[in-house]
Number of protein chains: 2
Amino acid sequence: MTVARPTKKPAAKKGAPVPAPKRSSGGLTNSVGKITINDIARLSGVSKKTVSRVINQSPLLNAETRDKVQAIIDQHGYVPDPQARGLAFRRAFLIGLVYDNPNAQYVIDMQQGILDAVRGSGFELIVHPCARTSASFLTELKMFVQRQKLFGVVLPPSVSEDVGACQALADVECPYVRIASIPLDEPQNMVVTNDYRGAYEAALHLADLGHRRVAFISGPKSFRSSHERKRGFVMGLEAKGLKLAANMVAEGAYTFESGWHAARILLARPNRPTAIFAGNDEMATGVYRAAHESGLNIPADLSVVGYDDSSIAAKVWPPLTSVRLPIRAMGRIAAEKLLARAGRGPAKAATEVEVVPSLVTRHSSGPPSA
Amino acid sequence: MTVARPTKKPAAKKGAPVPAPKRSSGGLTNSVGKITINDIARLSGVSKKTVSRVINQSPLLNAETRDKVQAIIDQHGYVPDPQARGLAFRRAFLIGLVYDNPNAQYVIDMQQGILDAVRGSGFELIVHPCARTSASFLTELKMFVQRQKLFGVVLPPSVSEDVGACQALADVECPYVRIASIPLDEPQNMVVTNDYRGAYEAALHLADLGHRRVAFISGPKSFRSSHERKRGFVMGLEAKGLKLAANMVAEGAYTFESGWHAARILLARPNRPTAIFAGNDEMATGVYRAAHESGLNIPADLSVVGYDDSSIAAKVWPPLTSVRLPIRAMGRIAAEKLLARAGRGPAKAATEVEVVPSLVTRHSSGPPSA
DNA sequence: CTGAAAGCGCTTACAG
DNA sequence: CTGAAAGCGCTTACAG
């Protein structure tokens with residue numbers, strides 16, 4: 001049977017000892033004609049089932065047998081075919097990233113983090129942007145996950161807050177990890193970002209600088225983080241004996257334009273704020289725009305603090321003070337949790353769940369001039 | 001055989017006509033117990049091979065038979081298992097995006113474009129960031145592609161310019177499409193971005209505004225686009241009777257910091273430029289920083305033009321004039337070319353290859369004050 | 001134009 | 001602790 005295959009590999013067929021294959025340059029790429037579990041079985045003189053046991057690290061396996069087979073595997077640089085394995089397992093070795101997030105840097109960082117976690121495990125990352133508001137969102141999500149038989153999916157905000165999506169995934173028995181401000185689910189399904197704390201820090205920072213009249217631009221109500229960041233900010237101010245006045249709050253949509261618009265409104269209020277905390281960096285840059293238009297100097301006339309510490313924060317002028325989230329690490333932890341389900345990866349991944357935001361002080365915040 | 005499977009689907013077993021399955025809400029998700037090619041074959045009273053012919057749109061097939069089978073397929077919302085299909089085809093239904101690009105928005109847009117192209121085709125996108133400078137780059141690339149049996153890969157700059165990477169892909173017989181400034185390969189393997197033209201436009205724009213003393217910050221020499229953008233800029237200036245002085249050129253690295261540094265050097269030259277064309281937006285924001293530090297007002301004292309029209313362009317102050325590349329469309333075209341290889345997708349995709357950059361005029365460019 | 005057999009490369013029961 | 005058989009859901013020759 002193997003005979004008929006148009007393999008480019010030399011010899012190595014017909015049982016019996018074979019000369020170690022020429023491992024040219026890299027040593028890992030023994031040309032195109034791929035070596036299979038059957039080859040390894042024959043070469044090590046065991047059944048393919050036993051090779052399979054070695055691959056899957058079955059515990060009930062003679063150490064000697066294991067080592068012998070492993071040696072052959074290493075020698076030939078054999079790697080099992082994920083497709084065939086997936087077909088037999090009825091599950092693909094693919095992690096999905098389902099996102100609905102306008103922040104490109106956030107998504108890219110998260111992708112990197114997931115890939116950090118799967119490196120060397122044979123898993124790969126498949127991306128799936130989506131529109132939560134679309135009528136076919138849930139149907140498409142189910143289709144995607146079912147069809148690809150995904151091993152699991154990572155859900156960053158705001159998909160992570162979508163109850164329907166999580167229910168849909170549960171329906172098709174697809175493991176998921178949600179990344180959100182607060183624990184919305186069992187620990188093994190969560191990475192908590194503690195937005196409350198980040199916003200709390202931002203409040204202390206502004207209060208310590210001497211600001212008394214501060215404003216807040218929230219994200220959309222549909223985002224959990226909007227509420228958490230507001231709550232943390234309010235609590236932080238209170239800890240310093242300050243209050244967030246009702247007319248010092250405006251709702252944005254986590255976009256540049258919405259931040260701009262909201263800031264215009266806040267700056268037009270009688271007794272305008274000397275500092276604005278924006279729910280994310282995108283909106284903070286919108287605040288910059290409004291300040292420029294009003295002839296306000298940052299930070300002399302107006303202090304601005306953002307959230308996310310996205311790549312834009314260091315590039316605007318003046319550089320933006322912002323709350324940093326370890327996004328890449330969050331992606332890594334989320335993927336590790338998924339792998340932990342399969343007994344791969346550290347077991348503690350199932351419980352490690354918290355991530356701590358930290359304030360990065362730059363030049364957009366300073367003492368009030370008045 | 002099918003009997004033993006713990007399917008949740010009702011009836012529909014044991015040959016013979018069956019009641020149409022309850023297509024609940026969406027109609028597409030008939031629960032977990034997946035329907036297979038065998039079910040369709042039995043239900044339509046043909047062999048599975050014939051069903052396979054319908055799936056793969058075989059031309060030599062009785063129209064009547066085809067319609068009958070297709071009806072059953074539609075009725076049950078049957079979708080072939082990509083894993084099983086891939087195993088038999090010896091090729092996965094996955095498109096890879098192999099990138100080494102620091103611009104997050106660029107990568108995200110490209111991903112979106114690729115997904116635009118594969119929508120409904122059953123293909124999915126798998127992402128693979130890489131480090132071209134890493135010693136194991138080529139080995140890892142080969143491993144990745146071979147192991148996943150990728151259907152094809154899309155290569156944006158600068159991986160697209162890597163001869164070794166293309167050779168490696170050819171070695172493992174993996175189709176690829178390169179996105180680059182100029183035709184580096186056969187048309188079916190290329191999407192050409194015509195950077196020359198975009199830079200030419202930028203030159204005309206600045207010359208028309210009345211600038212005589214203009215400067216250029218190039219990308220790294222290792223990027224083809226660096227040379228093309230410079231060449232186009234020089235030619236554009238020449239068309240207006242201007243020259244790019246040797247001391248008005250600085251080399252950057254397509255990063256914020258490098259743009260900042262290069263601009264400092266250029267602005268310190270005797271008889272400083274009244275306009276700077278940066279090789280990309282990242283570097284243009286660096287120019288902004290340098291201008292701020294020198295107390296130079298944009299555009300009154302210094303005009304700035306960028307390249308890419310990335311999302312940051314509209315958010316900095318003043319909004320940045322930049323050359324726009326239709327990145328999402330580029331991704332779509334690249335993926336279409338890959339699908340065209342399989343007879344899927346429009347045949348013209350094999351030849352359509354050019355993309356046209358366009359200048360987006362904002363407020364960072366104006367007439368020189370002096 | 002259509003089908004029965006063998007196979008893609010792996011794993012899951014089931015024996016021993 | 002190890003193996004022979006059957007199977008995952010599809011397709012490729014090979015017949016007819």
Side-chain angles (χ1 to χ4, degrees), chain A residues 1-7 32-42 44-69 73 76 78-93 122 146-149 151 342, chain B residues 1-7 32-69 73 76 78-93 122 146-149 151 342-343:
Chain A
M1 48 204 289
T2 42
V3 172
R5 207 145 31 87
T7 170
V32 171
K34 269 189 48 169
I35 184 169
T36 75
I37 195 173
N38 288 304
D39 300 319
I40 298 296
R42 193 166 20 72
S44 18
V46 300
S47 74
K48 53 200 277 200
K49 174 58 202 162
T50 295
V51 178
S52 172
R53 286 199 177 88
V54 174
I55 295 169
N56 294 295
Q57 314 191 44
S58 163
L60 19 78
L61 190 62
N62 185 339
E64 212 171 305
T65 315
R66 174 169 33 73
D67 294 347
K68 181 178 63 180
V69 175
I73 288 178
H76 293 262
Y78 166 69
V79 183
D81 181 326
Q83 227 157 28
R85 231 148 86 84
L87 183 59
F89 266 135
R90 289 156 192 73
R91 178 131 285 187
F93 294 93
Q146 234 176 159
R147 183 153 154 180
Q148 301 300 325
K149 302 209 285 291
F151 191 85
Chain B
M1 47 204 288
T2 42
V3 172
R5 208 147 27 89
T7 170
V32 171
K34 267 188 52 169
I35 183 169
T36 75
I37 196 173
N38 288 304
D39 300 319
I40 298 296
R42 193 167 20 72
L43 291 170
S44 13
V46 299
S47 74
K48 53 200 275 199
K49 175 58 203 166
T50 295
V51 178
S52 172
R53 287 199 178 88
V54 174
I55 294 169
N56 295 294
Q57 314 192 43
S58 163
L60 19 79
L61 190 62
N62 185 339
E64 212 170 302
T65 315
R66 173 168 35 71
D67 294 347
K68 181 179 62 180
V69 176
I73 288 178
H76 294 263
Y78 165 69
V79 182
D81 182 325
Q83 227 157 29
R85 232 148 86 84
L87 183 60
F89 266 135
R90 291 157 192 74
R91 178 129 286 187
F93 294 94
Q146 233 175 162
R147 184 153 153 180
Q148 300 300 325
K149 301 210 285 293
F151 190 85

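Note that the coordinates shown come from a computational prediction; the quantities given were computed from them, not determined experimentally. Just so it is clear: chains get the letters A, B, ... in the order the sequence lines come, proteins before strands, and each one is counted from 1.
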S.K.: Can you find a side chain N or O atom of A:Asn56 that sits less than 4.0 Å from OP1 or OP2 on C:dT11?
M.R.: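 Yes, because at least one side-chain N or O of A:Asn56 sits under 4.0 Å from OP1 or OP2 of C:dT11.
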S.K.: Any side-chain donor-acceptor pair under 3.5 Å between B:Asn62 and B:Arg53?
M.R.: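 Distance-only check fails for B:Asn62 and B:Arg53.
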S.K.: For a 4.5 angstrom cut-off between non-hydrogen side-chain atoms, does A:Val54 reach A:Lys68?
M.R.: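 With C-beta onward as the side chain, the pair stays apart.
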S.K.: To the nearest angstrom, how far is B:Asp39 atom CG from D:dC8 atom P?
M.R.: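 It works out to 11 Å between those atoms.
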S.K.: Rounding to an integer number of Å, can you tell me how far A:Ile37 CD1 sits from C:dG7 C1'?
M.R.: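 Taking CD1 of A:Ile37 and C1' of C:dG7, I get 16 Å after rounding.
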S.K.: With respect to the side chain of A:Lys49, which nucleotide from C:dG9, C:dT12, D:dT11 is positioned closest?
M.R.: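 Minimum distance to the A:Lys49 side chain belongs to C:dT12.
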S.K.: Can you check whether A:Ser52 has a side-chain N or O nearer than 4.0 Å to OP1 or OP2 of C:dT11?
M.R.: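 Answer yes for this pair, as a side-chain N or O of A:Ser52 is under 4.0 Å from OP1 or OP2.
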S.K.: Going by the rule salt bridge (Lys or Arg N to Asp or Glu O under 4.0 Å), which residues pair with A:Lys149 if we only count those two or more places apart in sequence or in a different chain?
M.R.: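 Only B:Asp81 meet the salt bridge (Lys or Arg N to Asp or Glu O under 4.0 Å) criterion with A:Lys149.
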S.K.: For B:Asn38 and C:dG3, give me the distance from atom CG to atom P, rounded to whole Å.
M.R.: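 In whole Å, C:dG3 P lies 14 Å from B:Asn38 CG.
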S.K.: Of the nucleotides D:dC8, C:dT2, C:dG7, which has the atom closest to the A:Arg90 side chain?
M.R.: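 The nucleotide sitting nearest to the side chain is D:dC8.
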S.K.: List the residues meeting side-chain hydrogen bond (donor to acceptor under 3.5 Å, both in side chains) with A:Ser47, not counting sequence neighbours, and say none if there are none.
M.R.: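 In terms of side-chain hydrogen bond (donor to acceptor under 3.5 Å, both in side chains), with neighbours along the sequence ignored, A:Ser47 is linked to A:Thr50.
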S.K.: Does A:Lys48 or A:Thr65 map to a spot on DNA chain D nearer the 5' end, using the closest nucleotide for each?
M.R.: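 The residue closer to the strand's 5' end, by nearest nucleotide, is A:Thr65.
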S.K.: Using only side-chain N and O atoms of A:Thr50, determine if any of them is under 4.0 Å from OP1 or OP2 of D:dG3.
M.R.: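 Yes, A:Thr50 has a side-chain N/O under 4.0 Å of OP1/OP2 on D:dG3.
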S.K.: Given C:dC10, C:dT2, D:dC10, identify the nucleotide with an atom nearest to the side chain of B:Leu60.
M.R.: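 For B:Leu60, the side-chain atoms sit closest to C:dT2.
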S.K.: Counting heavy atoms from C-beta on, name the nucleotide in D:dG9, C:dG9, C:dC1 closest to the side chain of B:Ala84.
M.R.: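 My answer, after comparing the listed nucleotides, is D:dG9.
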S.K.: Does a side-chain N or O from A:Tyr78 land closer than 4.0 Å to OP1 or OP2 of C:dG9, or not?
M.R.: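 The answer is no; no side-chain N or O of A:Tyr78 sits under 4.0 Å from OP1 or OP2.
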S.K.: To the nearest angstrom, how far is A:Arg42 atom CZ from C:dG9 atom C1'?
M.R.: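 Atom-to-atom, A:Arg42 to C:dG9, this comes out as 14 Å.
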S.K.: What's the CG-P distance between B:Leu87 and D:dC10, to the nearest Å?
M.R.: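 Roughly 12 Å, once rounded to whole Å.
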S.K.: Return the nearest nucleotide to the side chain of B:Ser47; candidates are C:dA4, D:dT2, C:dG9.
M.R.: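 So the side chain of B:Ser47 is nearest to C:dA4.
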S.K.: What stems involve DNA chain D, if each pair must be Watson-Crick or G-U and both of its distances must be under 3.5 Å, with 3 or more such pairs in a row?
M.R.: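 DNA chain D forms these stems: C:1-3 with D:14-16, C:5-12 with D:5-12, C:14-16 with D:1-3.
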S.K.: Tell me which nucleotide among C:dG9, D:dG9, D:dG3 gets nearest to the side chain of A:Asp81.
M.R.: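 Output: C:dG9.
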S.K.: Among the nucleotides C:dT11, D:dG3, D:dT11, which one has an atom lying closest to any side-chain atom of B:Ile55?
M.R.: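 Selected nucleotide: D:dT11.
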S.K.: Touch check for A:Leu61, heavy atoms < 4.0 angstrom, all strands: base, sugar-phosphate only, or nothing?
M.R.: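 Touches sugar-phosphate only.
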